[in-house]
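On a predicted model such as this, the values are computed, not experimentally measured, just so you know. Every chain is numbered from 1, with letters handed out A, B, ... down the list of sequences.
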Amino acid sequence: MPVATASQNASARPRRAIVRWYRTHGRSLPWRDASTTAWQVLVSEVMLGQTPVSRVAPAYLAWIERWPDPETTAAASPADILRMWGRLGYPRRALRLREAAIVITRDHHGTVPTTDDELRALPGVGEYTAAAVRAFAYGQRAVVLDTNVRRVLSRLISGTERPPASLTNSERELATSLLPRTSKSAAEWSVAVMELGALVCTATKPVCSACPVRTDCAWRAADYPASTVAPRRQAWHGTDRQCRGRLMSVLRESSGAVPGALLREAWDDAAQRERCLDSLLDDALVAIVGDDEYALPSS
DNA sequence: AAATCGTGGCG
DNA sequence: TCGCCAAGATT
């Protein structure tokens, strides 16, 4: 009889309950089809960073129909990539996805790499995305720690409403200790706990009555104490982000070169507009194509 | 390591 | 109305 540690015994039952819940309640999302390639999983993960599932789903389907693999993506112009990205937000993600496609095509024979080091060397791929590709595309045993998983574990195990502001080693160790031994079980556990956070253990108004592990929940046992750490507020109105977004919108909607006058109409504050245009040029999201003429980069 | 980077839906 | 939030990465 193998000896199990106390923490393993304590976590085994809720873990099984979450996986069982997922098998009946998990959503069938486009990127969860068995036919989804590793590249397409990567596309979905990049799109899902900071953009809700409901808005990603249709954009993802249109995207992979047009550019189904790294080769076709690498061959597309930045302008086409940015127009197709549309209003998903954070357009630099789109540029990095294209750059990743170029690297994969050139250095990996068009095959998405399978190791953590190689994945994280790709533009726009960080700790979470590398783990997600390994688990969801390749069925590997990887610690997938996104905002949903962090929230579930903080409530279920730590008894706090929210996880720390930034990912800590303590969270990594906890998630590692909970990861099932076999790769197959680990990969399913990772989607399952993520899905629980997305559908039940939500940031606001969690549906605890529908939770498969409510009787194990440390946060519930402590009578749902409110978290003291205030989430960082996202300023928006009048920010550079709003200004950049406005300028990008004008460039996206125009088929060719855009006169500077059109950009000036889009944002009143001249100093801020120039600063943002400069930053967009720096980010290679915009190109100068003539005297006082701008466009999305053609290459 | 805290700040930065878009966008739209919802209560 | 407006603040909050959504599968993060980069610097």
Side-chain angles (χ1 to χ4, degrees), chain A residues 22 26-27 29-32 36 40-60 82 85-97 99-100 119-137 142-153 161-169 175 187 190-199 201-206 227 229-252 266-267 275-276 278-280 282-286:
Chain A
Y22 175 74
R27 295 165 293 183
L29 297 169
W31 45 89
R32 285 181 184 163
T36 306
Q40 291 165 354
V41 168
L42 177 55
V43 171
S44 75
E45 294 302 341
V46 171
M47 287 184 170
L48 286 163
Q50 301 293 280
T51 302
V53 168
S54 59
R55 279 203 289 147
V56 166
Y60 165 83
L82 290 168
W85 193 258
R87 299 188 293 193
L88 285 181
Y90 296 128
R92 293 186 299 184
R93 291 184 297 168
L95 253 30
R96 293 189 188 119
L97 183 60
E99 288 160 16
L119 283 165
R120 294 187 62 171
L122 298 172
V125 177
E127 178 174 351
Y128 163 77
T129 305
V133 169
R134 291 208 296 138
F136 305 148
V143 177
V144 178
L145 258 183
D146 78 324
T147 182
N148 289 306
V149 177
R150 295 181 64 211
R151 185 175 55 251
V152 170
L153 298 187
E161 183 186 17
R162 306 165 187 273
S166 55
L167 183 59
T168 63
N169 278 326
S190 295
V191 228
V193 65
M194 193 179 307
E195 190 77 338
L196 186 70
L199 297 182
C201 194
T202 50
T204 59
K205 296 192 172 185
S227 185
V229 290
R232 213 166 53 51
R233 51 178 297 183
Q234 312 175 345
W236 176 245
H237 189 73
T239 61
D240 283 6
R241 272 187 15 255
Q242 185 184 27
C243 179
R244 284 168 54 107
R246 189 80 60 81
L247 297 177
M248 286 301 292
S249 170
V250 172
L251 274 297
R252 261 197 327 264
W267 196 262
R275 178 173 71 244
C276 288
D278 279 346
S279 74
L280 291 172
D282 280 345
D283 290 342
L285 287 163
V286 176

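Nearer the 5' end of DNA chain C, as judged by each residue's closest nucleotide, is the contact made by A:W31, out of A:L122 and A:W31.
Note on A:A132: nothing from the nucleic acid sits closer than 4.0 angstrom, heavy atoms only. A:L29 comes within 4.0 angstrom of a nucleotide base, judged by non-hydrogen atoms across all strands. Looking at heavy-atom distances under 4.0 Å, A:Q242 makes no contact with the nucleic acid at all. Looking at heavy-atom distances under 4.0 Å, A:G49 makes contact with sugar-phosphate atoms alone, never a base. Contact annotation for A:T204: backbone-only contact, meaning every heavy-atom pair under 4.0 Å involves sugar-phosphate atoms and none involves a base.
Taking 4.0 angstrom as the limit, A:T129 places none of its side-chain polar atoms (N or O) nearer than this to OP1 or OP2 of C:dA7. An OP1 or OP2 oxygen of C:dA6 is reached within less than 4.0 angstrom by no side-chain nitrogen or oxygen of A:Q50. Phosphate proximity of B:dG6 to A:R244: present, with a side-chain N or O under 4.0 Å from OP1 or OP2.
When the P atom of B:dA3 is taken as reference, atom OH of A:Y90 falls 14 Å away, rounded to whole Å. Between the C1' atom of B:dT7 and the NE2 atom of A:H237 lies a distance of 16 Å, rounded to the nearest Å.
Considering only residues two or more places apart in sequence or on other chains, A:W267 meets the ring pair (Phe, Tyr, Trp, His ring centres under 6.0 Å) condition with none of them.
Contact of A:R241 with B:dG6 (side chain to base): a donor-acceptor pair of N or O atoms is detected under 3.5 Å. Between the side chain of A:T51 and the base of B:dG8, no donor-acceptor pair of N or O atoms lies under 3.5 Å.
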